[in-house]
Amino acid sequence: MGLPEKIETRLFINGEFVESSNGKTFDIINPATLKPVAKVHEASEQDTDNAVAAAKAAFPAWSELTPEKRGSYFKKLASLIRENNDELAALEASSMGRPVGEFIDAYASAAKWDRYAEAGYSVQAGTTSIQTPGFVNMTFRQPYGVVAGIIPWNVPLLFLANKLAPALIVGNTVVLKSSEKAPLTSAKIATLVQQAGFPPGVINIITGFGNVSGSILSHHMDVRALSFTGSSRTGRLIQAAAAKSNLKQVFLELGGKSPAVIFEDADLEKAVKETAHSIQWNSGQVCMANSRIYVQDTVADKYIDLFKQNFEKEIKMGDTLEKGVNHGPQADEAQHKTVLAYLESGKQSGGELITGGGAPSGREGYYIEPTIFKNTPEDAKIMKEEIFGPVVNINVFKSEYEVLTKANATEYGLYASVYTKDIDRAMRFAKGLEAGTVGVNCTSPVTGVDMPFGGYKSSGSGREGDPLYSLDNFLETKSVLIKIS
Ligand code: NAD
């Protein structure tokens with residue numbers, strides 16, 4: 001599996017590929033080899049405005065199409081995405097370091113487009129009421145107009161579909177800004193959007209940094225709703241930008257510090273396999289990864305021993321373009337430095353380092369050894385902050401009350417899990433854990449395609465994934481009052 005001869009790096013605005021208006025480009029470096037991969041066009045203020053203007057101009061005609069017609073473009077796009085799986089895998093491997101053997105994103109994203117292709121007719125006009133004498137009242141559900149999506153670099157194709165498909169199927173037009181760390185697959189999707197024949201301006205895909213293009217979109221007066229996935233820090237800036245500009249609707253999918261609680265009656269081997277995979281997959285660069293594990297004292301030694309063995313046996317670091325490799329580097333130098341700094345902080349925090357703890361010696365690229373800390377103090381930085389690396393804290397607990405309190409003692413609330421065979425306890429935890437998703441005898445990255453996804457507390461606002469919730473995000477409600485004389 002290799003890179004294509006020509007990599008698309010331009011901006012996709014109004015159905016055409018254009019270079020950045022001020023000529024600015026930035027470099028993508030392969031984090032596994034440290035070799036340059038591409039020079040990517042950076043959207044200027046003018047380019048971002050052009051993309052919004054194109055979406056605004058395309059809105060009236062697009063919103064008038066039947067959901068069936070809109071969905072027909074989705075189906076073409078979904079099949080083109082599947083056909084281009086290998087190229088998309090190679091592009092992601094070379095820009096953000098996901099091993100090609102671990103690339104599930106194209107098929108997952110195509111499935112989203114297919115699912116939303118059929119979802120448009122499920123939006124009903126709303127409600128009717130004849131409770132006010134002399135009136136027949138009703139609500140309409142109508143698209144906003146221009147919607148912006150801003151996505152991170154860790155699973156770009158899935159987030160791109162999560163933002164665009166629901167917004168488009170109910171009649172909005174969109175501007176998507178990809179992440180500066182992984183822009184190549186989004187640009188490739190733009191070529192497929194063109195091939196699928198979407199009318200110009202309906203989907204615009206630009207690449208750039210938070211400053212300029214991300215900030216311009218968040219402040220833009222013509223953007224009426226914005227769906228964001230990324231860090232809590234950026235989420236706050238976007239919320240503030242919306243407040244300062246046109247009070248656009250903002251949906252935020254943010255960071256996590258997810259707990260997994262392992263009781264003594266759990267199937268330990270299964271729990272180890274799944275919780276180890278959760279923190280190792282994508283080199284720990286997963287918002288919902290179980291980075292805090294609490295294991296009951298009676299089985300703690302066995303669990304930690306099996307966990308360490310799992311890391312030693314299952315993980316194969318190496319060239320991300322090679323099949324069989326399942327552990328890639330961190331996405332870039334900045335991520336690598338951040339994780340190394342957290343590891344140093346962890347070593348100073350009073351917890352015990354069980355395995356890992358740094359960059360593997362003799363390996364080029366931004367790799368980190370999968371790391372286990374045991375019994376780290378609850379108030380330590382690495383217990384409180386999102387590391388976004390293959391680093392797990394395993395702490396030991398005695399009682400149910402104690403562990404529920406500790407699991408919830410975080411400002412994050414994206415995902416939590418509990419492993420136990422006791423149904424009463426499982427349900428007490430399903431109810432008591434403060435998280436948008438709770439796994440019982442399963443953990444992240446397992447999510448329900450038939451379920452909404454989103455965060456409690458500072459992990460975000462709003463839900464996405466399932467059409468039942470996502471479509472609502474992109475529809476205004478209008479009350480129509482009809483007076484009967
Ligand atoms: P980030 O917040 O640094 O960047 C995300 C996107 O926001 C990028 O496209 C970036 O260019 C843009 N951006 C940066 N500053 C901006 C600004 N001022 N205005 C507008 N846009 C701006 O996040 P990241 O490092 O790309 O991604 C990792 C983070 O994403 C982690 O915190 C992770 O937990 C979170 N995440 C959450 C979910 C979820 O579903 N809840 C999923 C994946 C990742």
Side-chain angles (χ1 to χ4, degrees), residues 26 40 42-43 45 48 95-96 98 105 108 148-163 175-183 185-186 205-220 223 226-245 248 250-258 279 281-291 330-339 385-389 410-415 435-437 444-445 447 451-465 470:
F26 61 93
V40 178
E42 181 186 341
E45 180 170 352
T48 313
S95 57
M96 58 71 68
R98 172 91 59 75
D105 313 31
I150 300 182
I151 57 171
W153 46 267
N154 58 342
V155 198
L157 291 189
L158 193 57
F159 299 129
L160 182 148
N162 270 347
K163 309 291 174 208
V175 178
L176 179 105
K177 191 195 87 58
S178 60
S179 163
E180 63 277 16
K181 294 188 193 199
T185 47
S186 296
I205 297 182
I206 61 174
T207 290
F209 293 78
N211 205 356
V212 179
S213 47
S215 176
I216 297 284
L217 283 177
S218 326
H219 286 91
H220 210 292
V223 172
L226 190 154
S227 182
F228 170 74
T229 298
S231 64
S232 299
R233 189 192 140 272
T234 306
R236 287 192 164 87
L237 291 174
I238 289 176
Q239 188 79 273
K244 275 191 218 140
S245 54
K248 56 182 66 64
V250 174
F251 302 98
L252 302 171
E253 298 288 340
L254 308 176
K257 192 74 190 172
S258 300
I279 190 65
W281 188 74
N282 211 17
S283 303
Q285 302 167 124
V286 179
C287 53
M288 55 186 163
N290 52 219
S291 49
Q330 306 313 114
D332 67 0
E333 189 181 9
Q335 286 299 124
H336 193 238
K337 275 194 179 149
T338 304
V339 177
E385 297 178 13
E386 186 182 44
I387 300 173
F388 232 50
T410 167
E411 195 36 46
Y412 289 112
L414 195 58
Y415 197 112
T437 298
S444 63
T447 51
M451 286 288 124
F453 187 79
Y456 269 37
K457 305 195 273 192
S458 298
S459 284
S461 60
R463 296 291 180 268
E464 69 179 20
S470 264

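Note that these values count all heavy atoms, side chains included, but never hydrogens, waters or copies made by symmetry. Each ligand, and each atom within it, is numbered from 1 in the order the structure gives.
- In terms of N/O distances under 3.5 Å, ligand 1 is not approached by Phe228.
- Residues Thr437 and Leu414 have side chains not in contact (no heavy-atom distance under 4.5 Å, counting atoms from C-beta outward).
- If you check which protein heavy atom lies closest to atom 35 (C) of ligand 1, you get Gly230 O, 3.1 Å.
- Under the 4.0 angstrom criterion for non-hydrogen atoms, Gly455 is not in contact with ligand 1.
- To the nearest 0.5 Å, the span separating NZ on Lys257 from CZ on Phe388 amounts to 11.5 Å.
- A salt bridge is defined here as a Lys NZ or Arg NE, NH1 or NH2 lying under 4.0 Å from an Asp or Glu carboxylate O, and Lys163 with Glu464 meets this definition.
- The single protein non-hydrogen atom nearest to atom 28 (C) of ligand 1 is Phe388 CE2, 3.6 Å, given as residue, atom name and distance.
- For Ser245, the side-chain hydrogen bond (donor to acceptor under 3.5 Å, both in side chains) test picks out Lys248, with sequence neighbours left out.
- For a threshold of 3.5 Å applied to N or O pairs, the pair formed by Glu180 and ligand 1 contains at least one separation below that value.
- When each atom of ligand 1 is checked for a heavy atom of Leu237 under 4.0 Å away, the hits are 18 (N).
- Within the 3.5 Å criterion, the main-chain N or O of Gly214 finds a donor-acceptor partner in the side chain of Ser218.
- In this structure, CZ on Phe159 lies 12.0 Å from CG on Leu176, to the nearest 0.5 angstrom.
- Scanning all protein heavy atoms for the shortest distance to atom 12 (C) of ligand 1 gives Ile150 CG2, 3.7 Å.
- Distances between N or O atoms of Leu254 and those of ligand 1 include at least one value under 3.5 Å.
- Looking only at protein heavy atoms, the nearest one to atom 21 (N) of ligand 1 is Gly214 CA, 3.6 Å.
- Here the protein heavy atom with the shortest distance to atom 27 (O) of ligand 1 is Pro152 CB, 3.3 Å.
- At least one heavy atom of Ser178 sits closer than 4.0 Å to an atom of ligand 1.
- To the nearest 0.5 angstrom, Ile387 atom CD1 is 7.5 Å from Ile279 atom CD1.
- Checked against a 3.5 angstrom limit, the closest N/O atoms of Ile151 and ligand 1 fall inside it.
- Of all the atoms in ligand 1, the ones that sit under 4.0 Å from a non-hydrogen atom of Glu253 are 37 (C), 38 (C), 39 (C), 40 (O), 41 (N).
- Atoms of ligand 1 lying under 4.0 Å from at least one heavy atom of Thr229, given by number and element, are 5 (C), 36 (N), 37 (C), 38 (C), 39 (C), 40 (O), 42 (C), 43 (C), 44 (C).
- Interface atoms of ligand 1 facing Ser218, defined by a heavy-atom separation under 4.0 Å, are 19 (N), 20 (C).
- Of the possible polar contacts, none joining the Ser227 side chain to the Gly149 backbone as a donor-acceptor pair under 3.5 Å is found.
- Side-chain atoms of Asn282 come within 3.5 Å of backbone atoms of Asn154 as a donor-acceptor pair (strictly under, hydrogens ignored).
- Distances from atom 16 (C) of ligand 1 to the heavy atoms of Leu158, Leu252, Thr234, Asn154 put Thr234 nearest.
- The ligand atoms of ligand 1 that sit less than 4.0 angstrom from a heavy atom of Leu414 are 41 (N).
- Close contacts between ligand 1 and Phe159 involve ligand atoms 42 (C), 43 (C) [criterion: under 4.0 Å to a heavy atom].
- By the 3.5 Å distance cut-off applied to N or O atoms, Ser231 is counted among the residues near ligand 1.
- Within the 4.0 Å heavy-atom criterion, the part of Glu386 lying near ligand 1 is the side chain and not the backbone.
- Side-chain contact between Ser459 and Met288 is absent, with no heavy-atom pair separated by less than 4.5 Å.
- Although no hydrogens or angles enter the test, the distance criterion places no donor-acceptor pair under 3.5 Å between the side chain of Ser283 and the main chain of Gln285.
- The shortest non-hydrogen separation linking Ala289 to Ser258 is O-CB, 3.5 Å.
- Per-residue contacts place Trp153 under 4.0 angstrom from the following atoms of ligand 1 (heavy atoms of the residue considered): 24 (P), 25 (O), 26 (O), 27 (O).
- Under the 3.5 Å distance criterion, the side-chain polar atoms of Gln330 are left unmatched by any main-chain donor or acceptor of Val339.
- Shortest contact from atom 39 (C) of ligand 1 to any protein heavy atom: Cys287 SG, 3.4 Å.
- Under a 4.0 Å criterion applied to the non-hydrogen atoms of Phe453, ligand 1 contributes the atoms 40 (O).
- Of the possible polar contacts, none joining the Lys181 side chain to the Met96 backbone as a donor-acceptor pair under 3.5 Å is found.
- The N/O atoms of Ser232, backbone and side chain alike, include none that comes under 3.5 Å of an N/O atom in ligand 1.
- For ligand 1, none of its N or O atoms has an N or O atom of Gln335 under 3.5 Å away.
- In this structure the side chain of Arg98 reaches within 4.5 angstrom of the side chain of Asp105, judged on heavy atoms.
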